[in-house]
Amino acid sequence: MAAGLSVGALALLPLLNAAATQHWPDMPSRSVLAAQVEQESGWRQRAVLKTSREYGAGLGQFTKAYRADGGVRFDAIQEMAARHPELRGWGWANAFDPHYQLTAMVLKNRDNYRLIRWSEGEDRLAMMDAAYNSGFGSVLQRRRLCANMAGCDPARWFGGLDKASGQSRRRQAGYGQSFADITNTHVRNVMVVRRVKYRSYFGEAVVSR
């Protein structure tokens, strides 16, 4: 049951599971949430990403993004706390709090999943993860582009929306990849590479792609 799981994962998986049970009890695959935490932070509560564009904090890497003039472009923690009563009391003073971080991850994924009504199954979960990484708007953009590409099925992620990105394909300083590649890598890592080790923890059947 715990084979291959890190000490950090074993310590925090019960908290993630409790957040999912409370806020999204019918979530179709909690292993995806666990794989996201690993992808975002490696289960390190004090994980930080800092570039000239953004500052990301905590298990779920919720970010504050900056304009070129140094002004705040968006503040993910402030936005999540304003949108969800369950997150009242969360701010940058306690940004790394694991309870708030994991609850916010569940809620953000739940919101995106419910918006992705045109897909189902694994593809819907993959699109949910893409939306977590780069925003729901970027998934909608991919869907529009895919719909206008020969042989591209907008209801699929792998072999569909992963081939149809309007994001920049220029390698970004501080990231090592283009934004289009970052999103595609994120989804593959979460859905294919990292997720399998968490399936048994949550009692999910292992399926082959």
Would you check if Val190 and Tyr132 make a side-chain contact, meaning some heavy-atom pair closer than 4.5 Å?
-> no
Can you tell me how far CE of Met127 sits from CD1 of Ile116, rounded to the nearest 0.5 angstrom?
-> 7.0 Å
Lys NZ or Arg CZ of Arg46 over Phe96 ring: under 6.0 Å, within 45° = yes
Between Asp123 and Phe158 the two heavy atoms that sit nearest each other are OD1-N, 3.7 Å
Donor-acceptor contact present, side-chain Asp162 to main-chain Gly160, <3.5 Å = yes
Output the distance between atom CG (Leu115) and atom CZ (Arg124), rounded to the nearest 0.5 Å.
-> 9.0 Å
With a cut-off of 3.5 Å and sequence neighbours excluded, list every side-chain donor-acceptor pair involving residues 55-62.
from  : atom 1 : to    : atom 2 : distance (Å)
Gln61 : OE1    : Leu49 : N      : 3.4
Gln61 : NE2    : Ala47 : O      : 3.1
Gln61 : NE2    : Gly58 : O      : 2.9

If only atom types and distance count, is the side chain of Ser6 paired as donor or acceptor with the main-chain N or O of Ala9 below 3.5 Å?
-> yes
Which pair of non-hydrogen atoms, one from Ile77 and one from Ala95, has the smallest distance, and what is that distance?
-> CD1-CB, 3.7 Å
Taking the six-membered ring of Tyr66 (Phe, Tyr or Trp), confirm whether the NZ or CZ of Arg53 is under 6.0 Å from its centre and within 45° of its axis.
-> no
Main-chain N/O of Ala205 paired with Arg199 side-chain donor or acceptor, under 3.5 Å | yes
Checking Thr185 side chain against Ile182 main chain: does a donor-acceptor pair fall under 3.5 Å?
-> no
Between the CD atom in Gln36 and the OG atom in Ser41, the distance rounded to the nearest 0.5 Å is 10.5 Å
Does anything in residues 76-87 pair up under salt bridge (charged side-chain N to carboxylate O under 4.0 Å, His left out), and if so which pairs, sequence neighbours excluded?
-> none
So disulfide bond (SG atoms under 2.5 Å apart) across residues 8-56, not counting sequence neighbours, yields none
Determine whether the side chains of Glu40 and His186 contain a donor N or O and an acceptor N or O closer than 3.5 Å.
-> yes
Measure the CG-CG distance between Leu107 and Leu102 for me, rounded to the nearest 0.5 Å.
-> 11.0 Å
Any donor and acceptor pair, going by atom type alone, linking the side chain of Asn109 with main-chain N or O of Met105 inside 3.5 Å?
-> yes
State the CE-CH2 distance between Met191 and Trp157, to the nearest 0.5 angstrom.
-> 10.5 Å
Expected output: side-chain Asp75 to main-chain Gln78 donor-acceptor under 3.5 Å = yes
Going by heavy atoms in the side chains, are Leu16 and Val106 under 4.5 Å from each other?
-> yes
Compile the donor-acceptor pairs under 3.5 Å between side chains in residues 143-154 and protein atoms, sequence neighbours left out, one pair per line.
from   : atom 1 : to     : atom 2 : distance (Å)
Asn148 : ND2    : Arg144 : O      : 3.1
Asp153 : OD1    : Ala155 : N      : 2.9

Is any side-chain heavy atom of Trp43 closer than 4.5 Å to a side-chain heavy atom of Val7?
-> no
Among Asn112, Leu161, Asn133, which one satisfies side-chain contact (heavy atoms from CB on, under 4.5 Å) with Val139?
-> Leu161
Is the side chain of Asn94 donor-acceptor paired with the backbone N or O of Gly91 at a distance under 3.5 Å, no angle test?
-> yes
Atom pairs and distances, side-chain donor-acceptor, residues 22-29, under 3.5 Å, sequence neighbours left out:
from  : atom 1 : to     : atom 2 : distance (Å)
Trp24 : NE1    : Asp26  : OD1    : 3.4
Ser29 : OG     : Ser31  : OG     : 3.0
Ser29 : OG     : Arg195 : NH2    : 2.8
Ser29 : OG     : Glu204 : OE1    : 3.0
Ser29 : OG     : Glu204 : OE2    : 3.4

Return yes if a side-chain donor-acceptor contact under 3.5 Å exists between Thr21 and Arg30, otherwise no.
-> yes
Minimum side-chain heavy-atom gap Thr103-Trp90 below 4.5 Å = no
Does the Arg67 side chain pair with the main chain of Asp69, one donor and one acceptor, at a distance under 3.5 Å?
-> no
Checking side chain to side chain contact (heavy atoms under 4.5 Å, CB included) for the pair Gln101/Val37: CA distance, chi angles, key distance, verdict?
-> CA-CA 10 Å; Gln101 283 276 338; Val37 181; over 6 Å; no
Just by distance, do the side chain of Tyr100 and the backbone of Arg88 share a donor-acceptor pair under 3.5 Å?
-> yes
Which heavy-atom pair separates Ala34 from Leu13 by the least distance, and what is that distance?
-> CB-CD2, 3.8 Å
Examine Lys64 relative to Phe74 and say whether NZ or CZ is less than 6.0 Å from the centre of the six-membered ring and inside a 45° cone about the ring axis.
-> no
Non-hydrogen side-chain atoms of Leu12 and Gln45 separated by less than 4.5 Å = yes
Between Trp118 and Leu140, is any pair of side-chain heavy atoms under 4.5 Å apart?
-> yes
Does Thr51 reach the side chain of Glu54, with side-chain heavy atoms less than 4.5 Å apart?
-> yes
Can you run down the salt bridge (charged side-chain N to carboxylate O under 4.0 Å, His left out) pairs that involve residues 109-121, sequence neighbours left out, and say none if there aren't any?
-> none
